[in-house]
2 protein chains.
Amino acid sequence: MKLTIKDIARLAGVSTTTVSKIINNKHDSISKDTTEKVIKIMKDNNYVPSTIARSLVTKKTKTIGLIIPDIVNPFFPELARGAEDKANKEGYNLIICNTDEDIQKEDRYVAMLVEKMVDGIIFTASSQRVDDFKLLKNANIPIVLVDRDVKGSHISSKITVDNFMGAYEGTKHLIEQGYKKIIFITGSLKNKTSLDRLNGYKKALDEHNIKFSYENVIEGSYKSEWGYNAVNFILKQNKNFDALFCGNDLIAIGAIKALKENDIKIPQDVGVLGFDDIYISRIIDPQLTTIKQPIYEMGYKSVQTLIDILEKKSKKVKDIVLVPKLVIRSSTVKG
Amino acid sequence: MKLTIKDIARLAGVSTTTVSKIINNKHDSISKDTTEKVIKIMKDNNYVPSTIARSLVTKKTKTIGLIIPDIVNPFFPELARGAEDKANKEGYNLIICNTDEDIQKEDRYVAMLVEKMVDGIIFTASSQRVDDFKLLKNANIPIVLVDRDVKGSHISSKITVDNFMGAYEGTKHLIEQGYKKIIFITGSLKNKTSLDRLNGYKKALDEHNIKFSYENVIEGSYKSEWGYNAVNFILKQNKNFDALFCGNDLIAIGAIKALKENDIKIPQDVGVLGFDDIYISRIIDPQLTTIKQPIYEMGYKSVQTLIDILEKKSKKVKDIVLVPKLVIRSSTVKG
DNA sequence: GTGAAAGCGCTAACAA
DNA sequence: TTGTTAGCGCTTTCAC
């Protein structure tokens, strides 16, 4: 049977307080002898303290909720891994939740996490969300936004990337490579991330005296299927273009597939630029030029920030904006 | 402040017992009036019961631990998603743990999960593991093995794939396509999975009177880097071969990269076969013929099985062996 | 139909 | 340096 702190106390001939103190490394006031004896007894009996019971009194569970759209989307495993690594290093566990960008699911998960009394939540919000998480405010659970920036009054911190800058640098690179008619294939424009990228793209065109037109912005979703369909759509429209700036790598991958099927040479006929730098992008043919996001780091930092809030009791720490970096590979470099 | 069951009871003018029964849907013996009144009060006050306190008495946390090598390896997000979907459907949460196949990390995570009193564990064991999880036996926490089959006395169930059959079918396909000198590039042969695949490969050769030789088995790890290096190694050795059976898709992807770099045409000069059917395999060029594992289903079924054990109190259910399926794409079909 | 009271395993004042 | 004791918020017998 499972032993409790009482059993250990009895076995060692001490009080539960003493055992408790030893478990929690508050040896300050316990003699070496007692400490060693108790530790030995715990070991010998494979004693495992119940964090449940502990949590009930301390109000801390050492558990963090991670809410993301979909772990199968290659962007998120890296984020999750960064988060989990830091969590684990600090003695926290991670509960993972897939929402498919469905607000109802998000709400359900938040409720579950509140019931479970997680210490905090890392959240990649769906684009439509504008809620302010009153459940969390009520339960006083801090929430750190990662990747997606949304409004909300109870948000403790945000970890994002400078999407404007990334898109600007990427588009500038395309122009410098000699591409002039650049179509922007984006996911939904209903969120700040996409809008920032759109503006970065605009600014680069502007600076090089290329006229921006909404006809060259094609909005869909951040999936490879969309990239594939978008290209076929463009081709059917007989649009004049020599480069594609894709809202993310998945879109770029779908786009490349469609281009290849139509015997369009990359990068000679058409240059392709992505965003994210997921693992596949290095592997596909041609290798994808893309704007690398520090995805792992975002996950890592988000947990770090959350724990800072949790343990230093600082209600609000400053937001973090990470810098993306252009990674030039073969999909945009002719000859 | 956060309300407790006592507050609700006081507000409603009833006892905590009554409230508790209503929370847990044991209306049988509570009048409709009281029930409705209490429910309204809970709603109005945003009352959220504490599962921590509940767990302390019920000994159930409605939480499952998922121990995998690495969520970044594209095989595992799908598995995790299948597991999480089923868990969520049944009201459970999933704690995710990345071990990097490191036994010490595995042990640490198991200890953490025991402390957290998870109801059960889904485990993809590292190849070296032979332990019998005495910690879990002690705590009476069921464990379901998924994907990797290892020995151990406290294992409640296993969800695996018929690796022998898959490798057999795949190799047979290669032979039927006219390939005769098939090299098997595998990950570590220290686990049953790899061994089963090796034996399936052997059997297919055997049936077609092709002599098996260990010289055609190259052992490394299940990573794309290994596929890449293995091909370069083979080439340097001037080995005579016309097809590669790769232990998994990642290896195949690395191998394809190396072949391309050496101007070897796929599938004309060399056919390439993978194992797994991860998402990328459809996307790379050429599209990879592979033995598809029902990865999502494995995750889903593993949680299903675990919950069956948990809720039906059946100590041990029968193991599940899923059937892999050959998916023929362009990497093995000439002309 | 409803409530009183004990107790889950632990921590943390406060005493000794 | 160590122990006593009162909870944490809930469920569950058992009594009314």
Side-chain angles (χ1 to χ4, degrees), chain A residues 1-39 41-42 45-63 114-119 138-141, chain B residues 1-39 41-42 45-63 114-119 138-141:
Chain A
M1 273 322 311
K2 257 199 109 208
L3 297 181
T4 74
I5 197 173
K6 266 190 188 163
D7 298 318
I8 300 299
R10 190 168 30 73
L11 255 35
V14 299
S15 75
T16 59
T17 310
T18 305
V19 179
S20 173
K21 279 189 176 160
I22 291 166
I23 293 170
N24 294 289
N25 280 313
K26 319 224 162 170
H27 299 188
D28 347 349
S29 60
I30 310 285
S31 77
K32 220 177 171 180
D33 276 8
T34 322
T35 305
E36 278 167 6
K37 182 174 62 182
V38 171
I39 287 179
I41 290 179
M42 295 198 293
N45 293 281
N46 283 314
Y47 168 69
V48 181
S50 158
T51 41
I52 295 287
R54 176 183 299 150
S55 294
L56 189 56
V57 15
T58 61
K59 306 285 174 224
K60 309 237 152 294
T61 53
K62 289 277 188 174
T63 305
V114 171
E115 287 194 18
K116 286 249 160 90
M117 303 211 330
V118 294
D119 293 340
N138 229 305
N140 199 29
I141 294 177
Chain B
M1 273 322 314
K2 256 199 110 213
L3 297 182
T4 74
I5 197 172
K6 267 189 189 165
D7 299 317
I8 300 299
R10 190 168 30 73
L11 255 35
V14 298
S15 75
T16 59
T17 311
T18 304
V19 179
S20 173
K21 280 189 174 160
I22 290 166
I23 292 170
N24 294 289
N25 280 313
K26 319 224 164 176
H27 300 188
D28 348 349
S29 60
I30 310 285
S31 78
K32 220 175 170 182
D33 277 9
T34 324
T35 305
E36 278 167 5
K37 182 175 61 181
V38 171
I39 287 178
I41 291 179
M42 294 197 294
N45 293 280
N46 283 315
Y47 169 68
V48 180
S50 159
T51 42
I52 294 287
R54 176 182 300 150
S55 295
L56 190 56
V57 15
T58 61
K59 307 287 174 222
K60 308 238 152 293
T61 53
K62 289 275 187 176
T63 306
V114 170
E115 288 194 19
K116 286 249 159 91
M117 306 212 326
V118 296
D119 293 340
N138 226 308
N140 199 29
I141 295 177

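Keep in mind that this is a model prediction, so the values were computed, not measured. Reminder, nothing fancy here: chain letters follow the sequence lines and each chain counts from 1. Side chains are part of it too, since the values below use all heavy atoms of this structure and drop only hydrogens, waters and symmetry mates.
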Original post:
Got a sec, which residues hit salt bridge (Lys or Arg N to Asp or Glu O under 4.0 Å) with B:K62, two or more places apart in sequence or on another chain?
Top reply: B:E311

**OP:** Tell me, please, which residues at least two apart from B:K116 pass salt bridge (Lys or Arg N to Asp or Glu O under 4.0 Å).
**Re:** none

Can you measure [X] atom [atom1] to [N] atom [atom2] for me and round it to whole angstrom units?
| X | N | atom1 | atom2 | value |
| --- | --- | --- | --- | --- |
| B:M42 | D:dC10 | CE | C1' | 14 Å |
| A:L56 | D:dC10 | CG | P | 9 Å |
| A:D33 | D:dT1 | CG | P | 11 Å |
| A:K116 | D:dC10 | NZ | P | 15 Å |
| B:K2 | D:dG9 | NZ | C1' | 9 Å |

Mind listing the closest non-hydrogen atom pair of [X] and [Y] along with its distance?
| X | Y | value |
| --- | --- | --- |
| B:I141 | B:V118 | CD1-O, 3.5 Å |
| B:A53 | B:S50 | N-OG, 3.1 Å |
| B:V14 | B:V38 | CG2-CG2, 4.2 Å |

Subject >> Protein-to-nucleotide contact annotation, 5' to 3' order, nucleotides 11-16 of chain D [B base; S sugar-phosphate only; - none; under 4.0 Å, heavy atom] >> reply: BBB---

Distance-only, no hydrogens or angles: does the [X] side chain make a donor-acceptor pair with backbone N or O of [Y] under 3.5 Å?
| X | Y | answer |
| --- | --- | --- |
| A:S15 | A:T18 | yes |
| A:T51 | B:E115 | yes |
| B:T61 | B:M117 | yes |

**OP:** Shoot me the first and last contacting nucleotide of DNA chain C against chain A, ordered 5' to 3', at under 4.0 angstrom to non-hydrogen atoms.
**Re:** C:dG9 to C:dA13

Original post:
Does the side chain of A:V19 come within less than 4.5 Å of A:I23's, by heavy atoms?
Top reply: yes

**OP:** Name the residue closer to the 5' end of DNA chain C, choosing between B:S31 and B:K59 according to the nucleotide with the nearest heavy atom.
**Re:** B:S31

**OP:** Verify whether one side chain among B:S20 and B:T17 offers a donor that lies under 3.5 Å from an acceptor in the other.
**Re:** no

Original post:
What pairs with A:T4 under side chain to side chain donor-acceptor pair (under 3.5 Å), at least two apart in sequence or on another chain?
Top reply: A:D7

Original post:
Hey, does B:T34 reach any base, or is it just sugar-phosphate, or nothing, if we go heavy atoms under 4.0 Å?
Top reply: sugar-phosphate

Subject >> Terminal helix-axis angle for the helix from C:dG1-D:dC16 to C:dA16-D:dT1, with five pairs defining each axis and rounding to 10 degrees >> reply: 30°

